[in-house]
Amino acid sequence: MSDKSPIDKIRNIGFIAHIDAGKTTVTERVLYLAGRIHRVGDVDEGTTVMDWMPQEKERGITITSAATTCFWDDHRINIIDTPGHVDFTAEVERSLRVLDGGIVVLDAVAGVQPQSETVWRQADKYNVPRICFVNKMDRLGASFERTIGTIRHRLKVNAIPIQLPIQEDEHFRGVVDLMQGRAMVYEDNNGMAPHEEPIPDSYQDAYQQHRDAMLEKIVETDDALMIRYLEGETIGVDDLMSGLRKATITGQLIPVVCGTAPTGRGIHPLMNAIISYLPSPADVPAVTGVLSHNGQEVVREAREDTPMSSLAFKVITDPFVGRLVYLRVYSGSVKSGASVVNVTKNINERMGRVLQMHANRREEIEEVGAGNICAAVGLKNTFTGDTICTREAPVVLEPPKFPLPVLSVAIEPMSKADQDKLSDALDKLAEEDPTFFVQYDKETGQTLISGMGELHLEVLVDRIRREFHVGANVGKPKVSYREAITTSVKSEGRFVRQSGGRGQYGHVWLQIEPTEPGEGFKFENRIEGGVIPREYIPAVQAGVKEALNNGPIAGYPVVDIKVSLYDGSFHTVDSSEIAFKAAGSIAFRDGVKKAHPHLLEPVMDMEVVTPGDFLGDVLGDLNSRRAQIRNIEGHEGIQVVRVMIPLGETFAYTTTLRSVTQGRATYTMEFRDYEPVPEGMVQGIIRGVLA
């Protein structure tokens with residue numbers, strides 16, 4: 001079996017949203033309508049196809065992004081269902097890196113929520129065209145107009161409704177199609193095709209008003225359409241749809257549709273919108289990479305007659321077939337058994353078997369063409385972000401970028417027999433998850449695991465026990481602090497050893513200065529006149545980078561710092577790379593101590609949704625946790641409180657919130673940035689680290 005879908009008939013899309021907006025249910029309905037599955041699963045019952053992990057079934061949330069394929073109107077749709085919880089943001093990041101289009105699912109009652117904003121920013125980073133699906137239109141308090149208002153207000157985009165909901169006595173019956181000028185009404189909840197009817201008289205005024213607004217927004221994006229419109233010409237539906245498609249692909253307009261996934265109403269028009277407005281791999285700019293030998297930029301067209309290039313965006317350990325590497329094929333075609341090269345690591349690999357994935361089930365195929373997504377068995381040394389291509393045409397594609405972990409816990413085996421098995425399990429999980437770090441602390445003898453939050457680490461530890469059958473004890477969560485400097489200093493590092501025979505000599509002068517938050521580490525070589533030979537410069541940089549890992553206050557990594565090597569000296573006989581590495585490390589450590597270092601803590605954006613009766617108690621508790629209130633909004637007896645809060649103050653917040661609100665309030669949070677720790681708390685944190 002091979003995959004030979006025409007490139008213009010392929011859609012690579014992902015469902016992205018805030019947690020509980022209904023992504024997985026929408027995906028299930030799409031697969032059911034396309035005939036890919038024959039029974040719609042339920043998230044609450046743990047019976048969905050896409051949420052296949054035991055942890056997903058138990059918690060009723062998506063944890064890992066799952067890929068599948070279906071067909072609609074002669075088009076092949078490759079789908080990735082992504083998690084909504086902030087702890088699993090890496091799954092969204094890697095999916096958006098390889099997708100051509102996204103469907104942002106929004107709750108018709110809550111509108112745009114914090115994680116909706118996060119995934120929107122992630123999609124912006126990779127220039128992914130989007131449409132919005134306003135879900136749960138049958139809920140009490142649902143409002144299509146208000147949700148579109150939150151899209152425009154919070155996401156600052158030009159959202160354009162292409163449907164109007166038909167609601168009677170708060171029941172969602174179908175939609176008015178603003179393009180085709182007809183009503184699409186559902187008679188039952190089987191989710192199959194709706195009936196086409198004339199637009200009801202009570203909706204005629206709203207239809208005309210919204211259609212005129214839609215028409216004006218579309219013609220504003222196309223000069224040729226604008227001229228025809230101003231000359232009074234009637235613009236046909238095909239031209240309007242073509243204009244909206246172009247504007248959606250370029251990000252000028254965001255089409256908005258609506259429905260209710262649990263009953264399947266609105267899914268049929270959503271799938272038509274996916275085909276009509278989201279791009280094929282041929283519609284988006286060709287992928288660019290750099291040649292591995294000289295760094296020259298090169299373009300790879302999405303065609304099968306071009307050299308093969310693909311990006312590994314996900315690695316999982318499958319209990320039946322072993323190590324699976326997910327690939328997005330950008331050009332050429334991937335063939336089962338082919339010899340390929342991992343250009344990122346310059347290692348020869350064999351493709352082995354090529355699989356088409358359906359969540360955790362798989363179908364073997366012989367060949368996968370450009371523009372498609374597949375999984376491969378046999379790529380032993382390939383990891384997330386690596387480029388796979390042919391030896392004759394090596395190119396390196398840009399890998400996805402992942403945030404650093406913010407929370408750590410100590411983990412230890414329960415018995416001697418679990419020791420080796422634990423190391424193996426941690427290595428395999430770290431291969432799968434780029435935001436999961438494993439570190440051995442020599443001073444305490446502890447193994448530390450770091451991740452994006454409590455839930456992230458809880459799920460990983462659960463997997464260690466279930467999948468790898470390893471007994472493990474876990475300590476209390478610890479915040480991953482950072483250290484930074486506040487002033488610029490100059491520092492000397494001298495490493496001189498003489499013990500008979502050849503000695504060691506390295507001498508450097510560094511200028512160390514703070515940079516803007518988020519800029520990371522920068523190293524600049526300002527040596528002139530060969531004061532230090534060129535071959536020793538990388539050694540100095542390596543020594544500085546090594547010293548970055550242990551700051552002077554409490555041993556946390558130093559961030560947002562620029563180091564310039566501007567002077568020094570060398571010995572023609574005794575100088576070596578080792579000596580200059582040591583000199584660089586000494587100069588950096590001494591300099592950072594003098595540069596007025598301070599401790600930084602991770603700060604989260606939190607949103608608490610609570611009944612108005614409990615607002616006072618919620619605010620009182622947040623104030624006791626050093627939270628900064630940003631704003632409070634209320635509608636229909638519900639208050640939404642947005643705050644900035646240090647991560648260290650959020651442990652066990654779920655229990656506290658439930659107790660002060662009788663279990664009726666919920667909260668979500670996402671990482672914001674690092675900010676200085678108040679002076680009065682630094683000593684307490686240091687004591688905690690040393691304890």
Side-chain angles (χ1 to χ4, degrees), residues 3 7 10 12 78 90 93-100 122 124-128 249 279-315 323 325-352 354 367-376 378-402 431 434 519-525 534-535 537-539 541-542 545:
D3 165 26
I7 200 87
I10 297 173
N12 293 311
N78 297 317
E93 192 81 26
R94 63 165 129 217
S95 301
L96 286 170
R97 170 63 185 84
V98 298
L99 291 173
D100 301 320
Q122 288 173 299
D124 280 342
K125 183 161 63 172
Y126 297 110
N127 297 316
V128 177
I249 292 171
S280 74
D283 295 322
V284 294
V287 68
T288 57
V290 294
L291 296 175
S292 56
H293 58 281
N294 62 9
Q296 181 184 338
E297 192 170 284
V298 64
V299 174
R300 286 279 186 266
E301 298 283 347
R303 301 198 318 267
E304 291 192 23
D305 58 354
T306 54
M308 190 276 284
S309 64
S310 59
L311 182 72
F313 67 95
K314 185 177 171 74
V315 177
R323 195 170 185 274
V325 178
Y326 282 74
L327 300 169
R328 162 71 195 261
V329 185
Y330 281 100
S331 61
S333 61
V334 166
K335 295 178 183 175
S336 177
S339 293
V340 293
V341 63
N342 179 335
V343 192
T344 309
K345 295 190 169 65
N346 196 24
I347 297 173
N348 291 324
E349 293 265 45
R350 182 167 289 279
M351 193 57 76
V354 177
E367 186 177 357
V368 176
N372 270 301
I373 289 169
C374 66
L379 300 174
K380 295 176 182 174
N381 298 299
T382 297
F383 297 87
T384 299
D386 288 355
T387 303
I388 301 293
C389 57
T390 60
R391 174 64 72 182
E392 296 74 34
V395 61
V396 180
L397 305 178
E398 183 189 354
K401 295 180 175 64
F402 300 103
E431 276 187 21
E519 287 193 15
F521 167 64
K522 294 179 179 177
F523 183 85
E524 185 180 356
N525 174 22
R534 192 182 306 160
E535 62 265 27
I537 306 299
Q541 183 176 356
K545 282 187 83 170

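Positions are given from 1, in the same order as the sequence printed here. Everything numeric in this text was worked out from a predicted model, so none of it was measured.
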**Q.** Side chain Ser310, main chain Ile388, donor-acceptor under 3.5 Å
**A.**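 Indeed, once roles are kept as given, a pair shorter than 3.5 Å links the two residues.
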Notebook entry, point to check: So, the side chain of Ser309 versus the backbone of Cys389: is there a donor-acceptor pair under 3.5 Å, distance only?
Noted result: no
Minimal non-hydrogen separation, [X] against [Y], with atom names:
{"X": "Ser331", "Y": "Pro307", "result": "OG-O, 2.6 Å"}
{"X": "Pro399", "Y": "Gly385", "result": "CB-O, 3.5 Å"}
{"X": "Leu379", "Y": "Arg350", "result": "CD2-O, 3.7 Å"}
{"X": "Tyr330", "Y": "Ala370", "result": "O-CB, 4.0 Å"}
{"X": "Met351", "Y": "Gly337", "result": "CB-N, 4.2 Å"}
{"X": "Ala312", "Y": "Leu327", "result": "CA-CD2, 3.8 Å"}

In short, salt bridge (Lys or Arg N to Asp or Glu O under 4.0 Å) pairs touching residues 379-396 with sequence neighbours left out are Lys345-Asp386
Which pairs count as salt bridge (Lys or Arg N to Asp or Glu O under 4.0 Å) when at least one residue sits in residues 327-340, sequence neighbours excluded?
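Non-adjacent pairs meeting salt bridge (Lys or Arg N to Asp or Glu O under 4.0 Å): Asp100-Arg328.
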If you measure from [atom1] on [X] to [atom2] on [Y], what distance do you get to the nearest 0.5 Å?
{"X": "Ile10", "Y": "Ser280", "atom1": "CD1", "atom2": "OG", "value": "8.0 Å"}
{"X": "Asn78", "Y": "Leu99", "atom1": "CG", "atom2": "CG", "value": "9.0 Å"}
{"X": "Asn12", "Y": "Asn372", "atom1": "CG", "atom2": "CG", "value": "6.5 Å"}

Quick one: side chain to side chain donor-acceptor pair (under 3.5 Å) partners of [X], sequence neighbours excluded?
{"X": "Glu93", "result": "Gln122, Lys125, Tyr126"}
{"X": "Thr384", "result": "Arg94"}
{"X": "Lys401", "result": "Glu398"}
{"X": "Thr288", "result": "none"}

Does a donor on one side chain sit under 3.5 Å from an acceptor on the other, for Glu367 and Ser333?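 Result is yes, a qualifying pair exists.
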Only counting residues at least two apart or in another chain, list the ones meeting side chain to side chain contact (heavy atoms under 4.5 Å, CB included) with [X].
{"X": "Asp124", "answer": "Trp120, Arg130"}
{"X": "Gln296", "answer": "Leu291, Asn294"}
{"X": "Thr387", "answer": "Leu311, Thr344, Val396, Leu397"}

Residue set satisfying salt bridge (charged side-chain N to carboxylate O under 4.0 Å, His left out) with Arg303, at least two apart, ordered chain then number -> Asp305
### Query
Who are the salt bridge (charged side-chain N to carboxylate O under 4.0 Å, His left out) partners of Arg323, not counting sequence neighbours?
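Expected list: Glu431.
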Handout entry: Non-hydrogen side-chain atoms of Gln541 and Phe523 separated by less than 4.5 Å
Key =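 Heavy-atom side-chain distance check passes, below 4.5 Å.
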